[in-house]
Amino acid sequence: MRSLESPYARTMGFVGARDGDGRLVLTMDWDPDKGGRPGFFHGGAIAGLLEAAAYATLADALDDTDRPVIKPINVTVSFMRGAREKPLRAHATIERLGRRIANVEAVALQDDPATPIAIAQMNIMLERRSAVQPS
Amino acid sequence: MSDLPLPTGAFDPVMFIKTMSRNGHNGLIGVRYSAHGEGWAELRLPYNEALVSDAATGILASGPILTMMDMVTSMSIWLRRGTFEPQATLDLRVDYLRPAEPGKDVFGRGECYHMTRSIAFVRGQAHDGDPSRPVAHVAGTYMFTGAA
């Protein structure tokens with residue numbers, strides 16, 4: 001998991017594991033260092049976890065390829081409810097994986113999968129190391 | 001939301017950031033006060049190797065920049081209203097225009113450009129020294145969560 005080796009991911013304490021379906025899930029434990037308004041995670045920490053889940057899931061899917069460099073183009077985060085002082089987890093779905101662009105959606109959850117905390121939509125550029133080939 | 005001014009005193013961005021930087025997530029990433037005016041604020045994110053996305057390149061991760069932009073756009077609303085009122089981020093979009101240069105502090109400026117009774121609309125830009133060469137552009141909305 002390349003993207004979990006980054007200094008930022010270590011500073012934030014993102015931990016990656018597989019769930020029963022083999023899906024990559026990132027977890028961030030509660031720590032006052034991640035706090036925003038009293039009793040809740042900061043939106044920036046939630047967004048950071050969502051972006052990391054998107055990058056890690058994408059890197060995972062590209063592991064058997066030429067491992068392109070992953071560069072974020074943009075992210076839109078919708079915050080639906082506050083994340084309380086307990087572990088926050090996130091997983092991501094690759095909606096489309098092209099040669100140059102990947103569209104990824106990440107979801108952050110605490111207890112009930114039906115009530116997500118926040119969702120991030122990301123457009124990510126893939127810089128292929130190999131020469132451009134006709135698709 | 002009440003339309004009446006609430007007796008909570010004027011919002012002081014300098015004191016606010018001093019307090020916020022002592023603990024919590026803003027403390028972890030180390031944001032500092034830079035400047036403010038009516039309806040806008042500017043913060044500074046000092047370069048920090050613990051916040052880079054890749055130790056080999058030294059490029060700052062996107063997460064800390066997003067955190068600063070969330071904070072500074074929030075502050076722009078309190079500066080427009082003149083008072084601190086509870087609010088929640090509904091959404092925030094960040095366009096990552098280019099990587100910030102390794103070793104350079106990143107400045108984030110946020111502006112509240114429109115407000116209704118329940119929603120504030122914000123925008124902002126981040127740069128690493130030259131405002132004419134931004135590293136990120138943001139747009140977002142906040143909902144006022146105080147008692148009606």
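Letters A, B, ... are given to chains in the order of the sequence lines, protein chains preceding strands, and every chain is numbered from 1. Every heavy atom of this structure was used, including side-chain atoms; hydrogens, water molecules and symmetry mates were not.
Of the inter-residue distances, the one linking A:Met125 atom CE with B:Tyr96 atom OH reads 14.0 Å to the nearest 0.5 angstrom.
The hydrophobic clustering, which links ILVMFWY residues whose side-chain heavy atoms are closer than 4.5 Å, places B:Ile17 and B:Trp40 apart. In this structure, A:Leu97 is not a member of the same hydrophobic cluster as A:Val107, with clusters built from ILVMFWY side-chain heavy atoms closer than 4.5 Å. Side-chain heavy atoms closer than 4.5 Å link hydrophobic residues (I, L, V, M, F, W, Y) into clusters, and following such links, even through other members, never connects A:Phe40 to B:Tyr142. A continuous path of hydrophobic side-chain contacts links A:Met28 to A:Leu26 [ILVMFWY only; heavy atoms under 4.5 Å]. Residues B:Val14 and B:Met71 fall within the same hydrophobic cluster, defined by Ile, Leu, Val, Met, Phe, Trp and Tyr side chains chained together at heavy-atom separations under 4.5 Å.
For B:Arg98, the CZ atom sits in a packed shell: over 12 heavy atoms of surrounding residues, nucleotides or ligands are nearer than 6.0 Å. The environment of A:Asp19 atom CG is dense: over 12 non-hydrogen atoms of other residues, nucleotides or ligands sit within 6.0 angstrom. Other residues, nucleotides and ligands contribute at most 12 non-hydrogen atoms within 6.0 Å of the CZ atom of B:Arg133. Atom CD of B:Glu49 sits in a sparse spot, with 12 or fewer heavy atoms from other residues, nucleotides or ligands closer than 6.0 Å.
Across all non-hydrogen atoms, the minimal contact from B:Gly63 to A:Tyr8 is CA-OH, 3.6 Å. The two residues B:Leu92 and A:Phe79 make their nearest non-hydrogen contact at CB-CE1, 4.4 Å. The minimum heavy-atom distance between A:Tyr55 and B:Ser62, with the atom names listed, is OH-OG, 3.1 Å.
B:His25 contributes no side-chain N or O that, together with a main-chain N or O of A:Gly35, makes up a donor-acceptor pair within less than 3.5 Å.
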Give the intermediate values and the outcome of side chain to side chain contact (heavy atoms under 4.5 Å, CB included) for residues A:Ser6 and B:Asp54.
CA-CA 5 Å; A:Ser6 84; B:Asp54 180 348; 5.9 Å; no
Side chain to side chain contact (heavy atoms under 4.5 Å, CB included) between B:Leu66 and A:Glu51: does it pass, once the steps are laid out?
CA-CA 10 Å; B:Leu66 192 150; A:Glu51 286 190 326; 4.2 Å; yes
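Across A:Ile73, A:Val75, A:Ile119, A:Thr76, the residue that shares the most heavy-atom pairs under 4.5 angstrom with chain B is A:Val75. Among B:Leu97, B:Ile65, B:Thr89, B:Ile29, the residue with the largest count of heavy-atom pairs under 4.5 Å with chain A is B:Thr89. Among A:Gly82, A:Pro38, A:Ser78, A:Ala120, the residue with the largest count of heavy-atom pairs under 4.5 Å with chain B is A:Ser78. For the options B:Thr67, B:Thr141, B:Val138, heavy-atom pairs under 4.5 Å to chain A are most numerous at B:Thr67.
Only the side chain of A:Met12 comes within less than 4.5 Å of a heavy atom in chain B; its backbone stays farther off. Only the backbone of A:Pro32 has a heavy atom closer than 4.5 Å to any heavy atom of chain B. At a 4.5 Å heavy-atom cutoff, the contact between B:Pro64 and chain A is made by backbone and side-chain atoms alike.
Tested against A:Pro7, the residues B:Leu60, B:Val52, B:Asn48, B:Leu51 include a single side chain to side chain contact (heavy atoms under 4.5 Å, CB included) partner, B:Val52.
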